[in-house]
Protein chains: 2
Amino acid sequence: MSAEQSPPTLRDVAARAGVSPMTVSRVLRDHPRVTERTRERVLAAVDALGYRRNELARNLRLGRTSGLVGLVVTNLANPFYSQLALGVEAIAGERGLKVVLGNTAEDVQRERRLVEEFAARRVDGLIVVPAGADHSHLTSSRLGRLPVVLAARPPSNIAADCVLVDDFGGAREATARLIAHGAIRPGFLGLPLSAWTGSERFRGFCVALDEAGLTLDERYVRRNQRTIATAEAAALQVLSLPDPPDAFFCANSRNTLGAFRAISASGSRPALAGFDDFEMADVLGLPLIVVAYDPEELGRQAARLLLDRIDREPGAADSPPRRIVIPTTVVEYGMAEQPAVRG
Amino acid sequence: MSAEQSPPTLRDVAARAGVSPMTVSRVLRDHPRVTERTRERVLAAVDALGYRRNELARNLRLGRTSGLVGLVVTNLANPFYSQLALGVEAIAGERGLKVVLGNTAEDVQRERRLVEEFAARRVDGLIVVPAGADHSHLTSSRLGRLPVVLAARPPSNIAADCVLVDDFGGAREATARLIAHGAIRPGFLGLPLSAWTGSERFRGFCVALDEAGLTLDERYVRRNQRTIATAEAAALQVLSLPDPPDAFFCANSRNTLGAFRAISASGSRPALAGFDDFEMADVLGLPLIVVAYDPEELGRQAARLLLDRIDREPGAADSPPRRIVIPTTVVEYGMAEQPAVRG
DNA sequence: CACCGCGATGGTAGCGCTACCACATTCATT
DNA sequence: AATGAATGTGGTAGCGCTACCATCGCGGTG
């Protein structure tokens, strides 16, 4: 008597209940045309055997896909992307879709492989934070009718829906606030212009300066900081100029924190603004302007765009790609009153 | 002429290449007994049609499961769990397994549903951060031979592998350091004792006090803070006692930050230690001891335990449950020198 | 020249499930 | 009483794929 190793099938249930597999199938699908008595017998057998319907077989038979949404992000350890994932999961879950995860670590090769594998698993759709600028592996010629939504970065040379943060508007608004608080020579700590967010946030910064009639001093611009430490070094460098900036706009939280450290260490008191809110922004003890937004909302919107495409009639003509921009809000911590640092 | 809506099948490829479906299947599986000429013809057809093997059908036929690992966490927005997910994804990915995500928001009902759904999708295994203390839905009687590994919280009344953080050891060591730096009346800002981490970290705190010959003043203990704001209030309350504590051990980062705020606001200077490292621990400008550990390692170990179970011969006897404890390290920020806050 | 062996290919069946049709039974209608 | 419809149940086929066996053609052997 070998204990059954593989899970019971619908046939096993049918045998035990003394009915045909079809009847079991109907009971499980809540088909109306089943006698109450039969239903009870079947359910008893299901219970006794611990039967669970095999969704894989079911989906195959129904010609459906997997009921999965592939989510490909560049770095799940980054709270931005994990919150995005949370938003995707919430909306997909409402429709009974599950989310399959892929982490690329910004590696374009890995991204290609993941997209291929997800397609082979017949996911219903893909949400991708593309690592590179080459999106050829996401074209409909490669993926057939598999819907794709890009998140956080816009499509390049392909037609696809996308959801973006208002990088430009947020940077512009925060810089404007900095200027309103008296800054006349702001510096910029940012990302390489090759990154979408890098160039958009810099553009917002520049436009705000322009609108205030200020001119940008190129010596105040540093763009290659990827860690808090290098950001701190860059800020210190700029601060040690004979005529240092009186403010910084930082393109992400790593730069903001680096600048914060540099300011704490140096004697000067430039004003500080930065993209990305963070949990401890208000306890840093220095006045601070941050550009806040909701990464979870980004995920939710991306999922909604994807569901829209998934629900479309397969025969219907492709609708034009849509682009959703998530708004940002500017938050000021301790700007009016004196800084909270104790003397 | 309707454009083909559904993706091409192996049959389509066979027809186009002028061979039988079997031959195509063999080519795709790198079966050795195929002529080079035939292989080329088939691959050309595959390319022309943009064919991709349907892994769902393949797995069904092979009697395999889905090639998926279900990951059920309580809150993906918490960096702890997202890093855990990253570790799971890395190890599972090495074996060609993908990770399906489920977020419970600490809701036991949702957890049960997610586990059921994952089982129905025939995941190869589950990694669960259980929301509650009732783990009856994770027993092998309910899930059959589906392997389950618990993460961050131990199994209760079920036999399952698990991976834990050394909550006790970390709390004890950090508290000991606090005492070594001169604390004699430390307070405790923590979690409800009903939470595993809450009671373990409190136990570590108590043992360290004991070992130093100190006695705990119950008035210094607060346990119901779930946000930075409530933690701050609790710390302020304790600090306003006539004989306030000269140090705090905080059971998680929210409590640490609340205490930090309270200390900044009040005139006193209690020493501060807390569980969980965070990115800005060293820029807070107050000396600080933190208990650090690697959540990603937790995920990696959990995935390894799971793979071990998955790889076991289905007929083999169950091996006893294993428990892995992830070590913690204690980090001191600015403890030796004077605090970095500028006067 | 029959024979064997082997390598390349094809046919059949079935993984677990359900759409579709067939059938038997019951009940209302003329 | 005969007809039709509505109802409960079962049989068959097939989703896309591959394990298994059958087949076919080839060269080498006695």
Side-chain angles (χ1 to χ4, degrees), chain A residues 4-43 45-46 49-67 117 119-124 144 314, chain B residues 4-43 45-46 49-67 117 119-124 144 314:
Chain A
E4 44 186 329
Q5 298 305 350
S6 52
T9 73
L10 182 144
R11 261 177 179 56
D12 300 327
V13 176
R16 180 164 180 127
V19 296
S20 81
M22 268 317 297
T23 303
V24 177
S25 173
R26 271 190 277 257
V27 170
L28 294 174
R29 279 178 291 137
D30 281 325
H31 192 285
R33 293 222 227 295
V34 183
T35 325
E36 193 50 41
R37 247 181 61 79
T38 312
R39 177 189 308 281
E40 278 165 19
R41 275 231 310 279
V42 168
L43 290 178
V46 164
L49 294 175
Y51 171 80
R52 207 185 317 268
R53 181 164 62 190
N54 186 331
E55 293 294 332
L56 268 55
R58 173 156 213 251
N59 286 336
L60 176 61
R61 177 58 243 255
L62 293 177
R64 295 215 197 119
T65 45
S66 57
E117 284 174 33
R121 282 175 189 280
R122 298 296 190 268
V123 294
D124 291 315
Chain B
E4 44 186 329
Q5 299 307 350
S6 53
T9 74
L10 183 145
R11 260 176 180 56
D12 299 328
V13 176
R16 183 166 178 125
V19 296
S20 82
M22 270 314 300
T23 304
V24 176
S25 173
R26 270 190 278 257
V27 169
L28 295 174
R29 279 178 292 138
D30 280 327
H31 193 286
R33 294 222 227 296
V34 182
T35 326
E36 193 50 42
R37 246 182 60 80
T38 311
R39 176 188 310 282
E40 277 165 20
R41 273 231 311 278
V42 169
L43 291 179
V46 164
L49 294 175
Y51 171 79
R52 206 184 320 265
R53 180 163 65 191
N54 185 332
E55 293 294 333
L56 267 54
R58 173 159 214 250
N59 287 336
L60 178 62
R61 177 59 240 251
L62 293 177
R64 292 214 200 121
T65 44
S66 56
E117 283 175 33
R121 281 174 190 280
R122 297 297 190 267
V123 294
D124 290 314

Residues 18-35 of chain B, side-chain donor-acceptor partners within the protein, below 3.5 Å, at least two apart:
{"unit_1": "B:S20", "atom_1": "OG", "unit_2": "B:M22", "atom_2": "N", "d": "3.3"}
{"unit_1": "B:S20", "atom_1": "OG", "unit_2": "B:T23", "atom_2": "N", "d": "3.4"}
{"unit_1": "B:S20", "atom_1": "OG", "unit_2": "B:T23", "atom_2": "OG1", "d": "3.4"}
{"unit_1": "B:S25", "atom_1": "OG", "unit_2": "B:R29", "atom_2": "NE", "d": "3.2"}
{"unit_1": "B:S25", "atom_1": "OG", "unit_2": "B:R29", "atom_2": "NH2", "d": "3.2"}
{"unit_1": "B:R29", "atom_1": "NE", "unit_2": "B:S25", "atom_2": "O", "d": "3.3"}
{"unit_1": "B:H31", "atom_1": "ND1", "unit_2": "B:R33", "atom_2": "N", "d": "3.2"}

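Closest to the side chain of A:R33, from the set D:dT7, C:dT18, D:dC17, is D:dT7. Nearest to the side-chain atoms of A:L10 among the listed nucleotides D:dA19, C:dC17, D:dC17 stands C:dC17. Looking at the side chain of A:R29, the nearest of the listed nucleotides D:dC17, C:dG16, C:dA19 is C:dA19.
Between atom OG1 of residue A:T38 and atom CD of residue A:E40 there is a gap of 9.0 Å, rounded to the nearest 0.5 Å.
A:L60 comes within 4.0 angstrom of a nucleotide base, judged by non-hydrogen atoms across all strands.
As rounded to whole Å, 12 Å separates atom C1' of D:dG14 from atom CG of A:L62. B:R41 has its CZ atom 12 Å from the C1' atom of C:dT9, to the nearest Å. For A:E36 and D:dG8, the CD to C1' distance is 13 Å, given to the nearest whole Å. Nucleotide D:dA6 holds its C1' atom 13 Å from the NE2 atom of A:H31, rounded to whole Å. Note: CG (B:L28) to P (D:dA19) measures 12 Å, nearest angstrom. Between B:R52 atom CZ and D:dG16 atom P there is a gap of 15 Å when expressed in whole angstrom units. If you measure from atom OH of B:Y51 to atom P of D:dG16, you get 10 Å, rounded to the nearest angstrom.
B:R64 has its side chain out of reach of B:R122: every pair of non-hydrogen atoms, C-beta onward, lies at least 4.5 Å apart. Contact annotation: the side chain of B:P8 never approaches that of B:R16 to less than 4.5 Å [non-hydrogen atoms, C-beta and beyond].
Phosphate proximity of D:dT9 to A:T35: present, with a side-chain N or O under 4.0 Å from OP1 or OP2. Between C:dA8 and B:T38, no contact under 4.0 Å exists linking OP1 or OP2 to a side-chain N or O. Within the structure, every side-chain polar atom (N or O) of B:R58 is placed at least 4.0 Å from both OP1 and OP2 of D:dG16. Contact annotation: B:R53 reaches the phosphate of D:dT18 (side-chain N/O to OP1 or OP2, under 4.0 Å). Look at A:S25 and you'll find a side-chain N or O under 4.0 angstrom from OP1 or OP2 of C:dT18.
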For nucleotides 11-13 of chain C, give me every protein contact, N/O to N/O, under 3.5 Å, one pair per line with atom names.
none

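Comment: B:E36 engages B:R39 in a salt bridge, judged by a side-chain N to carboxylate O separation of less than 4.0 angstrom.
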